[in-house]
2 protein chains.
Amino acid sequence: MKRKITLKQIARELDVSISTVSKALRNSVEISDDTKQKVQAFAKLYNYRPNNIALSLKNRRTNTIGIIIPEIVHHFFSKVIRGVELVANKRGYNVIVGLSNESFAKEVINMEMLANGSIDGFILSMSKETLQQQDYHHFNETMSQGMPIVMFDRVVSDVNCDKVIVDDFNGAKNAVKKLINNKCKSIALITTKDYVSVGKLRTQGYLEALEESKMIPQSELILKIDDSLDYEVHLEKLEAEIEQLFKSNEKIDGVFAVNELYALSAMKVARKLGLDIPNDIQVIGFTDGVLSKHATPSLTTVSQHAQQMGEKAADLLINKLESENDEEEERFQTLVIPTELIERESTK
Amino acid sequence: MKRKITLKQIARELDVSISTVSKALRNSVEISDDTKQKVQAFAKLYNYRPNNIALSLKNRRTNTIGIIIPEIVHHFFSKVIRGVELVANKRGYNVIVGLSNESFAKEVINMEMLANGSIDGFILSMSKETLQQQDYHHFNETMSQGMPIVMFDRVVSDVNCDKVIVDDFNGAKNAVKKLINNKCKSIALITTKDYVSVGKLRTQGYLEALEESKMIPQSELILKIDDSLDYEVHLEKLEAEIEQLFKSNEKIDGVFAVNELYALSAMKVARKLGLDIPNDIQVIGFTDGVLSKHATPSLTTVSQHAQQMGEKAADLLINKLESENDEEEERFQTLVIPTELIERESTK
DNA sequence: TTGTACGCGTTATCAG
DNA sequence: CTGATAACGCGTACAA
């Protein structure tokens with residue numbers, strides 16, 4: 001099993017010094033054409049490539065960015081990764097992925113693993129557990145060691161760093177306004193518990209839209225789901241609660257759900273109760289997923305432009321990494337990505 | 001902006017040598033308890049962690065595995081990554097992700113980027129373009145440089161390495177047999193062009209099932225889709241072709257589709273033509289996706305156990321990396337992951 | 001018990 | 001034009 005060839009080996013074979021080989025390969029003017037040709041030919045023959053690790057050690061930068069997300073089997077996060085990867089590769093960086101699996105402990109461990117020299121900076125979205133525990137010491141510690149962080153989607157004001165977020169508030173508000181314009185008189189909200197910041201903002205958007213239209217929010221129309229449960233259990237409970245909601249509020253003619261799954265469940269339950277979509281009930285969801293597009297009827301959703309978020313986050317991070325002015329006062333920015341309402345068959 | 005603390009800095013502060021610090025931190029018996037305590041306390045205070053890059057250079061191994069997939073916004077590949085990540089982390093490895101985006105050139109570039117010392121081995125699934133061009137030199141070159149590769153799902157016999165594959169043939173065969181047992185007399189197949197090996201195997205499974213039941217395969221019931229097109233165009237063309245298929249073969253009472261999207265499209269078209277599922281037509285798809293589960297009616301599918309594939313691939317790779325016996329003759333294995341038929345509402 | 005020297009692979013600097 | 005040396009950060013064999 002051969003090893004990769006190194007400068008040293010080339011030098012030995014050609015009976016020159018290591019530094020001569022190094023210079024010859026970089027086409028230095030210091031080296032004679034003869035030597036250059038000889039070295040380059042040999043290097044090409046043996047397919048020489050500089051060892052990244054050695055370069056990283058020398059340059060004190062790895063040209064690798066770490067991305068930590070709560071879960072990869074989610075369209076939204078996959079798309080963000082794709083965006084990050086796209087920009088990163090274009091700018092000469094690799095991407096290393098860590099999954100927190102929504103666990104605080106795994107998030108911390110993963111960050112520690114990567115922070116010890118493997119990467120130059122982080123792009124991350126916090127786990128639900130971290131949001132719940134409100135323990136952000138690992139972020140602040142990482143940053144105090146000179147490693148920049150860009151957070152996306154699930155962010156928190158207690159951590160001072162660059163951020164890329166969805167305009168959850170206005171996305172939700174516009175969605176609900178759409179329902180109102182479509183003559184819905186009694187609009188239900190299916191959301192998560194408030195500790196997930198995005199859920200909270202979407203809830204606020206819902207309330208704001210109602211108020212602007214002089215409609216009075218009714219607490220019995222707001223369903224807050226506990227999403228910390230196991231997926232299967234969660235799903236079952238979800239449908240039961242939605243059914244309960246519909247049954248106790250027969251006047252409901254519109255539903256805004258803070259994610260795709262809730263929206264689909266609402267449609268499923270509605271159909272089960274013999275309600276027609278969109279004639280009896282109109283439904284709008286939130287997210288970029290495939291489910292919405294291929295559902296029956298296809299679901300009107302608020303698109304988050306996940307890939308674009310990934311791209312922006314990557315640009316933000318790499319810009320910071322490559323900015324020479326370490327001295328310059330730290331200026332953190334928060335990019336807000338506008339949402340877009342994609343109208344499909346679940347609304348009129 | 002502080003830098004991470006190093007052995008050298010600790011040594012200077014404490015006025016001892018670097019190696020003393022190193023030994024003290026590893027609790028060497030050579031060092032006096034006094035010194036150990038002093039050093040360890042200091043290191044803890046400043047949160048010292050050995051630099052991974054330096055270790056990688058020294059140990060000539062990075063404890064990182066590279067995974068290259070054609071596309072990340074696909075449930076199947078996301079799940080594989082999750083499986084790889086799970087096992088890798090458990091065994092002390094990181095995972096670095098590269099996307100080929102189904103392009104041969106990007107696959108080659110990505111591999112070259114990672115092969116130069118960044119990782120210890122590859123887990124990958126080939127791009128469609130690579131399969132079409134049948135150019136595998138980059139795999140063989142990588143392996144000849146001592147970097148092991150484990151391929152999964154899309155493999156090819158021309159490359160000699162460890163492999164993890166789905167039992168596509170039997171998965172398809174069993175699915176079609178299920179349709180036959182359910183009294184389907186005229187079963188259509190919606191598949192891809194043959195260069196995608198998995199599509200080919202699934203087609204063979206379909207044919208075998210028919211033959212075993214003494215049913216005669218009819219070419220007009222087999223629809224081969226060109227999936228090299230742009231997604232949107234593809235989708236539109238797909239539905240048109242399926243509609244054509246159904247219209248010219250009204251006797252069709254069963255459909256086996258080699259992926260989720262084709263199956264869903266078949267259901268959509270069937271519904272459009274006023275056919276009831278599963279009473280008029282029964283449908284089975286192939287894959288692990290979310291679409292099947294949340295479709296209406298929910299889709300019976302052949303599950304591929306993607307996460308398990310990722311786990312097996314990671315174990316295979318790490319075992320190889322950690323086996324001392326470089327001398328031992330190379331023995332490559334191919335793991336076949338059995339499929340599982342998940343019955344839902346689209347079949348009786 | 002502590003320290004010195006070396007090597008991992010590379011490049012930059014300086015001496016020849 | 002070429003080569004020796006140092007440095008990136010670490011661990012370890014060996015010397016003191």
Side-chain angles (χ1 to χ4, degrees), chain A residues 2-40 42-43 46-64 115-120 145-147, chain B residues 2-40 42-43 46-64 113-120 145-147:
Chain A
K2 293 191 298 182
R3 283 222 166 279
K4 291 221 62 175
I5 195 165
T6 67
L7 287 185
K8 188 193 276 192
Q9 293 169 46
I10 299 181
R12 199 186 312 137
E13 291 293 327
L14 264 41
D15 208 40
V16 290
S17 79
I18 294 178
S19 44
T20 301
V21 176
S22 175
K23 286 173 188 164
L25 290 176
R26 334 195 92 244
N27 241 317
S28 162
V29 286
E30 296 180 43
I31 306 295
S32 71
D33 286 349
D34 266 14
T35 313
K36 272 196 248 185
Q37 284 207 323
K38 191 176 59 174
V39 172
Q40 289 175 2
F42 190 91
Y46 284 89
N47 195 28
Y48 169 80
R49 294 277 184 281
N51 181 313
N52 280 333
I53 294 293
L55 289 180
S56 295
L57 183 59
K58 180 145 190 55
N59 302 332
R60 287 136 153 263
R61 56 205 317 282
T62 61
N63 271 260
T64 301
N116 302 319
S118 302
I119 62 164
D120 297 334
Q145 288 178 344
M147 175 143 331
Chain B
K2 293 190 297 182
R3 282 220 167 280
K4 289 220 63 176
I5 195 164
T6 67
L7 286 185
K8 188 195 274 193
Q9 292 169 46
I10 299 181
R12 198 186 311 138
E13 291 293 328
L14 264 41
D15 208 41
V16 292
S17 80
I18 295 177
S19 56
T20 301
V21 177
S22 175
K23 288 172 187 164
L25 290 177
R26 334 196 94 246
N27 243 316
S28 161
V29 286
E30 297 181 37
I31 306 295
S32 71
D33 286 349
D34 265 13
T35 313
K36 272 197 244 182
Q37 285 208 321
K38 191 175 59 173
V39 171
Q40 289 175 1
F42 191 91
Y46 283 89
N47 196 29
Y48 170 81
R49 293 277 183 280
N51 180 314
N52 280 333
I53 294 292
L55 289 178
S56 294
L57 184 59
K58 181 153 186 49
N59 301 332
R60 287 140 152 256
R61 55 205 319 281
T62 61
N63 273 254
T64 300
M113 248 182 117
L114 298 184
N116 302 319
S118 302
I119 62 162
D120 297 334
Q145 289 178 346
M147 173 142 333

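Side chains included, hydrogens not; waters and symmetry mates left out as well; all remaining heavy atoms used. Chain letters run A, B, ... following the sequence lines, proteins first, then strands; residues in each count from 1. Source: prediction; values computed, not measured.
In 5' to 3' order, the nucleotides of DNA chain C bounding all contacts with chain B (an atom under 4.0 Å from a heavy atom) are C/dT1 to C/dG9.
Listed by first and then second residue, the salt bridge (Lys or Arg N to Asp or Glu O under 4.0 Å) pairs involving residues 18-32 of chain A are A/Lys23-A/Glu30 (not counting sequence neighbours).
For the helix from C/dT1-D/dA16 to C/dG16-D/dC1, the axis fitted to the five pairs at one end and the axis fitted to the five pairs at the other end meet at an angle of 70° (nearest 10 degrees).
In this structure B/Gln37 satisfies the side chain to side chain contact (heavy atoms under 4.5 Å, CB included) test with no other residue, sequence neighbours excluded. Residues forming a side-chain hydrogen bond (donor to acceptor under 3.5 Å, both in side chains) with B/Asn63 (at least two apart in sequence, or on another chain): none. Applying the salt bridge (Lys or Arg N to Asp or Glu O under 4.0 Å) test to B/Glu13 and every residue at least two apart in sequence or in another chain returns nothing. Under the rule for a side-chain hydrogen bond (donor to acceptor under 3.5 Å, both in side chains), the partners of A/Ser19 that lie at least two apart in sequence or sit in another chain are A/Ser17. Partners of A/Asn52 by side-chain hydrogen bond (donor to acceptor under 3.5 Å, both in side chains), not counting sequence neighbours, listed by chain and number: B/Ser118. In this view, A/Lys4 satisfies the salt bridge (Lys or Arg N to Asp or Glu O under 4.0 Å) rule with no residue, not counting sequence neighbours. A/Phe42 meets the ring pair (Phe, Tyr, Trp, His ring centres under 6.0 Å) test with A/Tyr46; sequence neighbours excluded. Annotation: side-chain hydrogen bond (donor to acceptor under 3.5 Å, both in side chains) contacts of B/Thr35 (sequence neighbours excluded): B/Ser32.
Atom-to-atom, CD1 of B/Ile31 to C1' of D/dA16 comes out at 14 Å; the value is rounded to the nearest Å.
The only option from B/Leu57, B/Asp120, B/Leu55 that meets the side-chain contact (heavy atoms from CB on, under 4.5 Å) definition with B/Thr62 turns out to be B/Asp120.
Residue contacts for B/Thr35: at a heavy-atom cut-off of 4.0 Å it reaches the sugar-phosphate backbone alone, with no base atom in range.
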**OP:** Treat primed atoms plus P, OP1 and OP2 as sugar-phosphate and everything else as base, then score nucleotides 8-15 of chain D 5' to 3': B for base contact with protein heavy atoms under 4.0 Å, S for sugar-phosphate contact only, - for none.
**Re:** BBBBBBB-
